[in-house]
Amino acid sequence: MFDFSLPGATREIMDGGQIVPVMTPDPSLGERYFNPLPAYRESYPLTQIVTKNDVFWGATSGTNQPYSIREGLPDPVVLAYTNSAPIYATFVIQGMTQALVEGGRRVRLAPLHHYQKFQFLVRRNGKPVWDGANPGDTAALQAAIEEGCQYRVVMEIEDGTILSLPVDIPMYFPDDNSLNITTHPGTLPVFFGDPQSLIDALAAHNADMLTAESAAAESAVVTVPLFPVFFSIRSDGTYYGVGEILSGEPKKWSQVRLYAY
């Protein structure tokens, strides 16, 4: 099967679904890899997902470590996939301080037909433990903390953008029954914040990439501005992202849901 669509993506993401590409790289490309491999099948969960109007980009964790025996180990790589077009992206993991100083990053865009088979799977194994629509109901979260769970937070902000991010720490404050959810940091390409924008740009300037159906189709390297993701999400209806931390001015979220796994 080769299908990069994901009907109802926004609903799946808001409901805590974990999106996982399941794929088979085209075996004819094996010699291009830093560490050449025979044909294989793989699945790779997307840990940081941004969606708007049912179009999403999702990135892997940044722990993909290329290596070549007796040659070395280059920087770890992030892979990113979208339901908007038959393309994918790769970029090197980058620390927050370095990324903010540089202000942009190099991204390799490639035709999705580098994969012989491709589809998105949604794992619906999250348990809702807190909802911003009822912020005082913290019983399920308190129980999840005592059980040592891991978490994912889904937040919609003012412009309708929805972010699904792994949680670093959900801090519960019993004195006033409030919480502060901090996410894992990430330095993503700017088109994550407006998932359709890259497709529109490619349609205008490199339409061949959107229609390529051959594994031999060429990639393109572009330099794009940064979309940093780190959030401190408060149960009082506010959040601090990177911009808000630097300005000192919080913003209001539209909705937040916390899931335990």
Side-chain angles (χ1 to χ4, degrees), residues 1-2 4 18-50 56-83 85-121 123 150 152 164-168 183-192 198 209 212 214-230 261:
M1 176 181 288
F2 189 92
F4 61 87
Q18 295 180 297
I19 300 175
V20 184
V22 180
M23 46 210 170
T24 302
D26 192 294
S28 69
L29 302 178
E31 292 303 316
R32 293 190 187 183
Y33 301 152
F34 193 72
N35 183 35
L37 295 169
Y40 66 98
R41 186 84 166 141
E42 64 179 339
S43 62
Y44 211 161
L46 304 181
T47 59
Q48 296 174 319
I49 303 168
V50 186
F56 73 83
W57 273 93
T60 60
S61 61
T63 55
N64 183 294
Q65 177 62 69
Y67 68 94
S68 182
I69 304 299
R70 296 192 181 91
E71 292 188 18
L73 298 87
D75 291 331
V77 172
V78 178
L79 293 96
Y81 301 90
T82 178
N83 68 337
I87 59 173
Y88 71 103
T90 60
F91 46 93
V92 173
I93 193 71
Q94 191 175 29
M96 185 66 73
T97 300
Q98 176 191 357
L100 292 175
V101 169
E102 295 180 356
R105 63 177 320 144
R106 285 166 56 87
V107 177
R108 180 177 296 278
L109 302 172
L112 196 62
H113 281 277
H114 284 181
Y115 296 96
Q116 190 176 67
K117 297 179 181 179
F118 185 95
Q119 66 182 110
F120 287 116
L121 171 74
R123 291 181 55 82
Q150 294 181 308
R152 170 169 294 274
S164 175
L165 303 170
V167 169
D168 183 37
T183 70
H184 289 197
T187 53
L188 304 174
V190 69
F191 52 78
F192 270 67
L198 176 64
M209 183 170 290
S214 168
E218 292 299 318
S219 304
V221 176
V222 297
T223 299
V224 298
L226 188 69
F227 180 70
V229 288
F230 168 77
Y261 298 86

Least distance between heavy atoms, [X] atom then [Y] atom:
| X | Y | value |
| --- | --- | --- |
| Ala80 | Phe192 | CB-CZ, 3.7 Å |
| Val20 | Ser43 | CG1-CB, 3.9 Å |
| Pro66 | Pro74 | O-CD, 3.4 Å |
| Gln48 | His184 | NE2-O, 3.7 Å |
| Met96 | Gly186 | CE-O, 3.7 Å |
| Ala110 | Ser219 | CB-OG, 3.4 Å |

Taking the six-membered ring for Trp, are the ring centroids of Phe118 and Tyr81 within less than 6.0 Å of each other?
->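 Under 6.0 Å, so yes.
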
Measure from the ring center of Phe4 to the ring center of Tyr115 and say whether it is less than 6.0 Å.
->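 Judged by ring-centre distance (under 6.0 Å), Phe4 and Tyr115 do not meet the cut-off.
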
Exceeds 12 heavy-atom contacts within 6.0 angstrom, atom CD of Gln65 =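 Yes.
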
Point-to-point distance, once rounded to the nearest 0.5 Å, from [atom1] of [X] to [atom2] of [Y]:
| X | Y | atom1 | atom2 | result |
| --- | --- | --- | --- | --- |
| Glu102 | Thr97 | CD | OG1 | 11.0 Å |
| Leu121 | Gln18 | CG | CD | 10.0 Å |
| Gln98 | Thr187 | CD | OG1 | 8.0 Å |
| Leu226 | Leu100 | CG | CG | 6.0 Å |
| Met23 | Leu112 | CE | CG | 9.0 Å |
| Leu109 | Leu198 | CG | CG | 5.5 Å |

Phe91, Phe191, Phe227 screened by ring pair (Phe, Tyr, Trp, His ring centres under 6.0 Å) with Trp57, the one that passes |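 Per the ring pair (Phe, Tyr, Trp, His ring centres under 6.0 Å) rule, the option paired with Trp57 is Phe191, out of Phe91, Phe191, Phe227.
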
Mind running side chain to side chain contact (heavy atoms under 4.5 Å, CB included) on Ile19 and Asn83 for me, showing each step along the way?
-> CA-CA 11 Å; Ile19 300 175; Asn83 68 337; over 6 Å; no

Polar side-chain atom of [X] near backbone of [Y] as donor-acceptor pair, under 3.5 Å:
| X | Y | value |
| --- | --- | --- |
| Arg152 | Thr47 | yes |
| Asn64 | Val77 | no |
| Thr60 | Leu79 | yes |

Return the orientation label for the Tyr88 and His114 ring planes: parallel under 30°, perpendicular over 60°, tilted otherwise.
->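 Correct class here is perpendicular.
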
Could you pull out all residues at least two apart from Ser61 that satisfy side chain to side chain donor-acceptor pair (under 3.5 Å)?
->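 Ser61 satisfies side chain to side chain donor-acceptor pair (under 3.5 Å) with Thr63 once adjacent residues are dropped.
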
